[in-house]
Structures are given as C-alpha cells and as structure tokens.
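Down below is the structure, laid out as structure tokens.
By convention in this document, chain letters (A, B, ...) are assigned in the order of the sequence lines, proteins followed by strands, and residues within each chain are numbered from 1.
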Number of protein chains: 2
Amino acid sequence: MTRQKPVTVNDIARACDVSRATVSLVLRRSPLVNVDTRARVEAELKRQHYVYNRAAANLRRRTSSSVALVINDLSNPFFAEFAAGVDEALGAEGYVTLLGSTNESPERQQAVLDSLLEHGPAGIILSPAEHSDGEAVRRVVGITPLLVFNRALAGGDWDFLALENERGARLATEHLLSLGHRRIAFFGGHGDSSSCRQRRQGYIDAMSAAGIRPDANWLVECAPTRVAAAHETGALFERDPLLTAAVCYNDNVALGLMLGLQARGTRPGTDFAITGFDDIPEAALSTPPLTTLSVDPRERGRQAAQLLLQRVQSPDEAPCNLVAPVTLVVRGSSGGAHVPKADHA
Amino acid sequence: MTRQKPVTVNDIARACDVSRATVSLVLRRSPLVNVDTRARVEAELKRQHYVYNRAAANLRRRTSSSVALVINDLSNPFFAEFAAGVDEALGAEGYVTLLGSTNESPERQQAVLDSLLEHGPAGIILSPAEHSDGEAVRRVVGITPLLVFNRALAGGDWDFLALENERGARLATEHLLSLGHRRIAFFGGHGDSSSCRQRRQGYIDAMSAAGIRPDANWLVECAPTRVAAAHETGALFERDPLLTAAVCYNDNVALGLMLGLQARGTRPGTDFAITGFDDIPEAALSTPPLTTLSVDPRERGRQAAQLLLQRVQSPDEAPCNLVAPVTLVVRGSSGGAHVPKADHA
DNA sequence: CTGAAAGCGCTTACAG
DNA sequence: CTGAAAGCGCTTACAG
C-alpha cells in the first residue's frame, strides 16, 4: 500500500502562494478572482494533476451529486435500456449514478436501498421488485426524493412514471378485433401487479366496445417469463379450444407462447394470432416477428432522471403521476392471410 | 427546500450523554465499548432513524467504498448481465457501484471517467469503448487501480479479464469441420479489435490442423451488429459461392447473417451452417436456434469485481491476465441432416 | 480581489 | 471503558 497522498487544494495554494480559499474560488469558477491569479492557479492544478474531491465538497456544502438507481432486473433488456437512459441524463446534469440491482428480491431491495442511502444520494429512482413492501421502502428512504418506475408502489406519495398500459393493451386488442378475431385471450402476468391489471383493463374495454364480453376463462395468469408462458400454453386451450388469438402481458410471455404453440404444431401468426408488449430486441427477430407495443425504454430513463432532478429542486410540490406513450408495431405474429376468422357476426 | 438537517453522531451522543467517539465506536462495532452503553446508543440510533454518512467516514479514514463500472454498451444483454454480476459481487463486499455508460464513444468515456474519479472510487472496471485511447485513459485514471474487461487496451499495465476467444473460435470451427464442412468462412468483426483477431486466430488454427489453408477471401470484415451483418451477406458469397458454413464473430453477426440468408432463400442450418459467440438470450430463440459459445457474462462480472478488489488490497503486485472459459453450445444453426457436405476428401 | 477561521460528519490516537 | 482534540479535503461568510 504505497498509495501516495492525493494532491489537495492545500498543495495548490502553497505552490501558488495564495490561500486555499482562492483555489476553491478558482475551482468553482467564481468571477471574483483576478485573471492572473486564476491563470496561475489553473496552471498549477494541471501541473500537479489535481483531482477534485467531490465527496469533501458535498460534505461541506451539504449537497449531493449522486442519484441512486435501483433496478429489479438488469438482465431484461427493457430495464438495461432504461438504466442507460437514466445514466445518460444524470451524467448530463453532473450527477453520478449509484447502481443497485435487486434481482426481483424485496429483501435485497431493502438492503440495497439501505446501503445506497449511506452514500447520501440526492434522490432515488426505483423500479420495484415484485411484491415490494411500500411501507418498508418508505421507512428506509425517509425524506430522500423517490421516483417509482413501471410498477405502482403503495405506501408513500412518491412520483410515479408508468407506461400507457391500458391504452397499449386496448390498441393491441382493437388490432386483433379489426382482423376479425372474436375469441381473444389475455395471457400472462399476475393479477396483483398494477401493470398487469391495467393491461387487462385495456383489453376488457376494447372487447366490450366491440360488443364482446370476455369469458372469465380467457384471462390466464402466468409468471411473466418465457419458460412459464411456454408451459401454460396447454392450459390456455383447455380453457377454450376455440380461441384464435391472445393479447399477451409482455413480449417474454408472447415469445414463450410462440414456442408453446410450435411445440403443439400450431403455427403462430398463421393458425393463431399473438401480440406482445415492450418491443424488446428479440421481438423483431422471432419467427414470425412479434406485433407489440413499443415503449422506448431509453427515453423513459431520460425522462425519469429529469423528473427526479426536478423533484430534488422542489421537494414540496405535489407528487406527479406520468404516463408514457406507447405505440403499436404491427408485425407478422398478429396474422397474415391464413389466420382463421372464427365465429364472427 | 425545507430539508431538515439529518441526524448525526452528535445528536446521538448528546441524547445518550456520551461522547461522539463512543457513538462512533458503537457504529464501527468496536468491542471496546461497554455492553450497556452500546445498547443505549443502539436504541437511540434506531429511535432517531440515524443514517450513517459514509462519505464523511471515508473522508476521515481516507478510504473508499465505491467502485466505478464503465460500460461501452449497456443495451447489449451481454454487458448488462456483466454489470449485474459486478454489482452483485461488489455489494456483497460492501462496495457500491458507480455506473457510467459510454455508448462506444471514447470521448464520452474520458468524460465519464473524469467525473467518476472525482467521487474517489477504490478502483475502476472498464469495458473499453471501440478505438479507446489507452494513453488518455492512463492519464485520467492516474494511480487508481483499473481492470480492463473484454477488449485489450494498450497504454498501461492494468489487470485484464478476457474471454477464451481463440479457443472458442477453435471449438466452433472444429465442430463445423467434424460435420464435414471444409469451405468455412470467418464472418464479421473488425481486424483492429483484439477479440476479433483472437477469434480469427482460433479459426485459422483449427482449419490448419485439419489441413485446410483458409482462403483470404474467407475472412470477411463487418461491424459487429445485426444490420451490418445482414447487409454483408451478399459480399460473403461473392467472395466464394461454394462456402457451406461460417464461424461468426459474435451472435449479433450470426443472427444478422441468418436474416441475410433467409432474404436470399438460403435456409440457415439446412443449406448453410452458422456458429455465433456469446450465447445471448436471442441465440436460443432464433429459427433455427444458434450454435454458439457460452461465456456466462454474469459470472464474468462477479469475477471482475473480485479481481479488482484483490488489486485494491495489493496494488503493487504484478498485473494479472485472466482468460475466462467458454463452452460450445450446439443447436440447430450448425446444421441438421440436410447441410451439404461440400467437397471433402 | 484575497486570507483567516470555522465547520460539514465522521474517526483516531492519546490520555485518563 | 470513555472523552477531548485534531484532522480528512473542501467551502463559506466575514474582514480587510
């Protein structure tokens, strides 16, 4: 450990024969300091490879230059893109991102928040783990501004950035209806998740508007993963063998359903129509490519960062509730010419 | 801005009628302090919702509890998984991750490093942007321990964690050879990237060992993206129409090549055999599924974190050069029964 | 325009 | 076992 001592304002001040205060003024680009002095100090700063100790400055100024970003599932490209967007926007505002990943575990989420808070972030962006305890989050977070992304979290009056879940599912359902489908399932997701409930609502609304009352059998729960969805494919047709299409909770579920269909000899897009949600990169690549809802996660990340920084500026305004737009991307999975137009009027 | 003042050791000390030193001792779990005193202090800590100010502690102790993680492309699932692994392992050791993403821009990389260093990380894990300037990195990084991942970076004697590029490409090539292919291309990547050169070498070695001298035309450059690869598909067959297989630089290239083949009516896995590299999630999902090399990026992340923390402990040992194992995953893209066995002896 | 002094929240020898 | 004092690297009134 022959770590040499880092160079400080003191070293610079001594070398330039000025006070530390003057050096500090130069660092903070104060207009008060004489041009010559400034030049001398800046030269010395460069010469000695001075690096600013932001932690010390933050301590003294009682400020923060970091934001905590806590993500439930970084291996999901949707959230990885979101994280990239957050980091990009925070960086542009001079903040640094403290990353925490929870792998969908509420316990790890508490631990991660705990640890990140000790570093005094100006705020927190949280994409909550499934089954998060909002009260517990509130307790550990205290008065640090918090923005919740994607899934609603009860227990506090925090800012919330959501997706147009309802409208998205409605668009997908209307699209299938316009192709002549009537017996359409809503497949995947858990009823206790806010995003799933909203997407179901959009589906139900669209069906109702078309004069169709969705059968209770047409709502099929399953974990939002590819494997689970592939597994549940059989259950779908046990519920109703006459189904011709499904609005899926998200792309992973839709892709899993495709695999499940292929395994039973049913051709997705030809014998059975499918829509997803998210437009992850795989969606365009599957066979057939997946009709889905595009949400631009990177842009959501930028948006989240901006909203949070606004809140940091004005902590006392009423919390905001934003819903980000989604757009329907029609591809092959929702059917070509061959999809059976079942029993329509 | 009615931010109330956070509670400090002072508040606790006053409330318990002990000195700040004693409170500090309790916080750091020193065995020196009386059990009763400890209990009283701990109760008060809880009662006042004390949160430790790690930045202040780090300042005084001249330590750090963060590590910077700089990633060239977070939207690539390979690197996102890597980041998740790094964060997981750092968290387990009590470190927090300072995230920076560069989007493959060397300029942004310099800016990001600059900014992160002001937060005094104990070390840096860097997955370099393409065409990074090692000297410039060295300059800004100074004496902070740095571990380079994935792509070699000249200009400093830092630790390096790489993949078994050469062996991986060799395995893929041997696999194709064992299926009877002789006219095998190496497709994609840029010759100025260390990982591409190594993979090419493995390909050439395997071919040579089988008594085949790869034609210069069989080495086709292209950017490591899906779109670029799909575009270059024509060029591949212009070089040599008799090719029956290609070892691709990575999965993205392989998937792009598949699209390109399909567009010209050539069936991947049936008329033409393909291998990838990385085993990204899409690989198992494509049609046909992609034969590729699995590298377990999350585990690489954990490994990188551990290596770096070791280096933080002992900065003066010789830099290490680790190569992480890869394993061949055989799937449909390298050919079923129908792949033509061209002109073999 | 510049300097001396105090202080951000913590820890660490050093006495006792 | 506990306290008083000094100090980590910075900034901010306050004088001058």
Nearest to the side chain of [X] - [options]?
| X | options | value |
| --- | --- | --- |
| T37(A) | dG9(D), dC1(C), dT11(D) | dC1(C) |
| P6(A) | dT2(C), dC8(C), dG9(D) | dG9(D) |
| L59(B) | dC8(C), dA4(D), dG9(C) | dG9(C) |
| T22(B) | dT11(C), dC10(C), dG3(D) | dG3(D) |
| R62(A) | dG9(C), dT11(C), dG3(D) | dG9(C) |
| Y50(A) | dC10(D), dT11(D), dT11(C) | dC10(D) |
| N34(B) | dC1(D), dC10(D), dC8(D) | dC1(D) |
| S19(A) | dT2(D), dG3(C), dC8(D) | dG3(C) |
| L25(A) | dC10(C), dG9(C), dT12(D) | dT12(D) |

(message) Tell me which nucleotide, if any, is Watson-Crick or G-U wobble paired with dC1(D) when both distances must be under 3.5 Å.
(response)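 Its partner is dG16(C) (Watson-Crick or G-U wobble, both distances under 3.5 Å).
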(message) Heavy atoms only, 4.0 Å cut-off, all strands: where does D11(B) land among base, sugar-phosphate and nothing?
(response)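 Touches nothing.
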(request) Pick base, sugar-phosphate or nothing for A57(B), based on heavy-atom distances below 4.0 Å to the nucleic acid. (result)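 Sugar-phosphate contact only - A57(B) comes under 4.0 Å of backbone atoms but never of a base.
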(request) Would you mind telling me which residue lines up with the more 5' stretch of DNA chain D, A56(B) or V33(B), judged by nearest nucleotide? (result)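 Going by which nucleotide is closer to the 5' end, it is V33(B).
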Return the value, rounded to whole Å, for the distance between atom [atom1] of [X] and atom [atom2] of [N].
| X | N | atom1 | atom2 | answer |
| --- | --- | --- | --- | --- |
| R28(B) | dG9(C) | CZ | C1' | 14 Å |
| R14(A) | dC10(D) | CZ | P | 12 Å |
| N53(A) | dG9(C) | CG | P | 16 Å |
| D17(A) | dT2(C) | CG | C1' | 12 Å |
| L27(B) | dT11(C) | CG | P | 6 Å |
| R54(B) | dC8(C) | CZ | P | 21 Å |
| L45(A) | dC10(D) | CG | P | 10 Å |
| I12(B) | dC10(C) | CD1 | C1' | 13 Å |

4.5 Å side-chain heavy-atom contact, [X] and [Y]:
| X | Y | answer |
| --- | --- | --- |
| L126(B) | L153(B) | yes |
| V148(A) | P128(A) | yes |
| S66(B) | R54(B) | no |

(message) Looking at dG9(D), I'd like to know if its phosphate oxygens (OP1 or OP2) sit under 4.0 Å from a side-chain N or O belonging to T8(A).
(response)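 It does not, given that no N or O in the side chain of T8(A) lies less than 4.0 Å from OP1 or OP2 of dG9(D).
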(message) Is there a side-chain contact between R61(A) and the phosphate of dT12(D), meaning an N or O under 4.0 Å from OP1 or OP2?
(response)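 The answer is yes; a side-chain N or O of R61(A) sits under 4.0 Å from OP1 or OP2.
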(request) Salt-bridge test for R139(A) and D114(A): reply yes if a basic N is under 4.0 Å from a carboxylate O, no otherwise. (result)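 Looking at R139(A) and D114(A), the cut-off is not met.
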(request) Compare every heavy atom of E88(A) with every heavy atom of N103(B), then report the nearest pair and how far apart it is. (result)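 Here N103(B) and E88(A) meet closest at ND2-OE1, 4.2 Å.
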(message) Please check this pair: side chain of S64(B) against backbone of A122(B), looking for a donor-acceptor N/O pair closer than 3.5 Å.
(response)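 The answer is yes, because a donor-acceptor pair under 3.5 Å joins these two groups.
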